[in-house]
There are 2 protein chains.
Amino acid sequence: MNRSVTESRDLFAIADLAREFDISTRAIRFYEAKGLLSPERVGATRIFRRRDRARLILILRGKRLGFSLRDISDYLSLYDANRSQQVHLLTAKVDERLASLEAQLQDLQTTIAELKEIRKLADERLDKAG
Amino acid sequence: MNRSVTESRDLFAIADLAREFDISTRAIRFYEAKGLLSPERVGATRIFRRRDRARLILILRGKRLGFSLRDISDYLSLYDANRSQQVHLLTAKVDERLASLEAQLQDLQTTIAELKEIRKLADERLDKAG
DNA sequence: CACCCCTTTGACGCTAACGTAAAGCCATGA
DNA sequence: TCATGGCTTTACGTTAGCGTCAAAGGGGTG
C-alpha cells in the first residue's frame, strides 16, 4: 500500500489547495498577504510545498475554532519558534494559549451538556405523547 | 445564607448588565436589534429581567466559542423551542448543533494536545541546556 | 431653576475577511 | 492565429459587529 495521493506530492498550485480544502484562491492569497503563508515563486506563479499545505490545515482549523487570522498567525509562530530553537519566551506564550484554549474547552463542554439535556427532555416528551 | 446579589434581583438596567459582563451598552442594544434580546420597556427605557440576563450569558458564551450572532440566535431558539413545547423539528436541529459542536471539540482537543507537545519539547531543551 | 447623569434613537465610522470585477501575461489546442 | 483557461496584481465593494458622536428627553439633587 502506498501513501495517499495528497501526501505523496510535494508541489501544489494555488487551485489545487483551493479545491482540496474547498476555499477560494482569493482566500489563500489573502492569507499570504497577511503573512500566514509564504509559498515559493516560479516567475510570478505561487508554488506551495507540503509545509505550506500543513500550515494551511492549521489555519483552517483555527478558523473553525473561531480565531481571527491575527490569533492564528501568533499560533503558527509558536510552531515556528518550536522548530527554530527559540525556546526562550516560547513556553510562556504556549501556556497562555493553553489556558485560553482550556477555558474554551470548558465553555464547549457546558454547551454540549446543555444541548444534550434539551435533547433528553424532548425525547421524553415524545415518549409520553407516544 | 441568602442568595448572591445578582441572583436575588429580577430587574436590571442596561448599564447594570453592561457593567456586570464588561461589555458596552451599545453591544446590548445591538443584540436587541438583532433579535437576541427583547427586554421590556417602561416608557422608552429598557428593563431587563433574569431571563434576559440568562440569554445574555448564553450570547457571550457563544461569542467566546467564536460563533456569529446569527448562529447564536439559532442556538437560543433551541432553548425557546424547548420551553414552548415545540418538540417537533427540535431534536433534529439539536442533533445538528451537537454534531458540529463535537467536531469543534475534536479540533480543540487536537490543538491542545499539539501545544502540550510543543511545551514538552521546549521543556526538554531547557533541561539539556540546564 | 440649574445641573448632572442616565437613557433614548439615529447616523456615520471602522476593522476583518474576504468577494468581485478589471486587465494583463502565458501556455495549449483547433 | 485566435480563443480558452489559469495565473497574476490592483482596487473597489461588502458584511458583521460594534465604537463613537450628536441631539434630545427624563429624573433626582442642591
Side-chain angles (χ1 to χ4, degrees), chain A residues 9-49 52-53 55-77 97 100 104 107, chain B residues 6 9-49 52-53 55-77 100 104 107:
Chain A
R9 293 178 47 184
D10 184 36
L11 299 182
F12 307 87
I14 189 168
D16 294 337
L17 296 182
R19 226 186 334 273
E20 177 174 3
F21 298 109
D22 194 29
I23 57 182
S24 67
T25 58
R26 177 70 179 87
I28 296 178
R29 279 189 281 265
F30 188 76
Y31 300 154
E32 179 186 3
K34 292 294 173 181
L36 304 193
L37 294 175
S38 43
E40 295 169 41
R41 299 280 183 144
V42 172
T45 302
R46 278 165 255 254
I47 302 296
F48 297 81
R49 290 184 174 274
D52 302 304
R53 184 172 167 281
R55 288 176 73 91
L56 183 53
I57 290 175
L58 292 180
I59 292 170
L60 297 178
R61 195 172 68 198
K63 294 211 63 183
R64 286 199 302 275
L65 290 174
F67 296 128
S68 69
L69 293 186
R70 185 74 175 75
D71 283 345
I72 294 172
S73 174
D74 293 352
Y75 177 66
L76 287 174
S77 71
R97 280 269 144 187
S100 88
Q104 184 166 346
D107 276 341
Chain B
T6 55
R9 293 177 48 186
D10 184 35
L11 301 182
F12 307 88
I14 190 169
D16 294 338
L17 295 181
R19 227 187 334 273
E20 177 175 2
F21 297 110
D22 194 29
I23 56 182
S24 67
T25 59
R26 177 70 179 87
I28 295 178
R29 278 189 279 265
F30 187 75
Y31 300 154
E32 179 185 1
K34 293 293 172 180
L36 304 193
L37 295 175
S38 43
E40 294 168 42
R41 300 280 183 145
V42 172
T45 302
R46 279 165 255 253
I47 302 295
F48 297 81
R49 291 185 175 274
D52 303 304
R53 184 173 167 279
R55 287 176 74 91
L56 183 52
I57 290 175
L58 292 179
I59 292 170
L60 297 178
R61 195 172 69 198
K63 294 211 60 184
R64 287 198 302 275
L65 289 174
F67 296 130
S68 69
L69 293 186
R70 185 75 175 76
D71 284 344
I72 294 173
S73 174
D74 294 351
Y75 177 65
L76 287 173
S77 71
S100 88
Q104 183 165 348
D107 276 341

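Atom set for the values below is all heavy atoms of this structure, side chains included, hydrogens, waters and symmetry mates excluded. In what follows, chains carry the letters A, B, and so on, assigned in the order in which the sequence lines appear, proteins first and then strands, with residues in each chain numbered from 1.
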Within the structure provided, determine whether A:R9 and A:R53 are in side-chain contact (heavy-atom separation under 4.5 Å). no

To the nearest 0.5 Å, atom CD1 of A:I47 lies from atom CG of A:D52 at 10.5 Å

When rounded to whole Å, the CZ to P distance for the pair A:R46 and D:dT8 reads 5 Å

To the nearest angstrom, the CZ-C1' distance between B:R29 and D:dA22 comes to 13 Å

Whole-Å distance, A:I23 CD1 to C:dA17 P, equals 14 Å

Atom CD1 of A:I28 and atom P of D:dT8 are separated, to the nearest Å, by 10 Å

Q) Heavy-atom distance under 4.5 Å between the side chains of B:F30 and B:L69, does that happen here? A) yes

Point to revise | Any A:K63 side-chain N or O less than 4.0 Å from OP1/OP2 of C:dA17 | key: no

Closest of C:dC18, D:dG17, C:dT8 to the B:R41 side chain is C:dT8

Whole-Å distance, A:L60 CG to C:dC18 C1', equals 14 Å

From OH of B:Y31 across to C1' of D:dG19 the rounded distance in Å is 13 Å

Under 4.0 Å between a side-chain N/O of B:S68 and OP1 or OP2 of D:dA16, yes or no?
no

Taken to the nearest 0.5 Å, the spacing of B:Y75 OH from B:L65 CG works out to 8.5 Å

Among D:dG17, C:dC18, D:dC7, the one nearest any side-chain atom of A:L69 is C:dC18

Atom CZ of A:F12 and atom C1' of D:dG6 are separated, to the nearest Å, by 19 Å

note: B:E32, atom CD; C:dT8, atom C1'; distance rounded to Å ~ 11 Å

The nucleotide from D:dG19, C:dA17, D:dA11 with an atom nearest the side chain of B:R26 is D:dG19

Between the CG atom in A:L56 and the CZ atom in A:F48, the distance rounded to the nearest 0.5 Å is 8.0 Å

Ranking C:dC18, C:dG19, D:dT9 by distance to the side chain of A:S24, first place goes to C:dG19

query = If you look at every strand shown and take non-hydrogen atoms under 4.0 Å, does A:T25 touch a base, only sugar-phosphate, or nothing?
reply = nothing

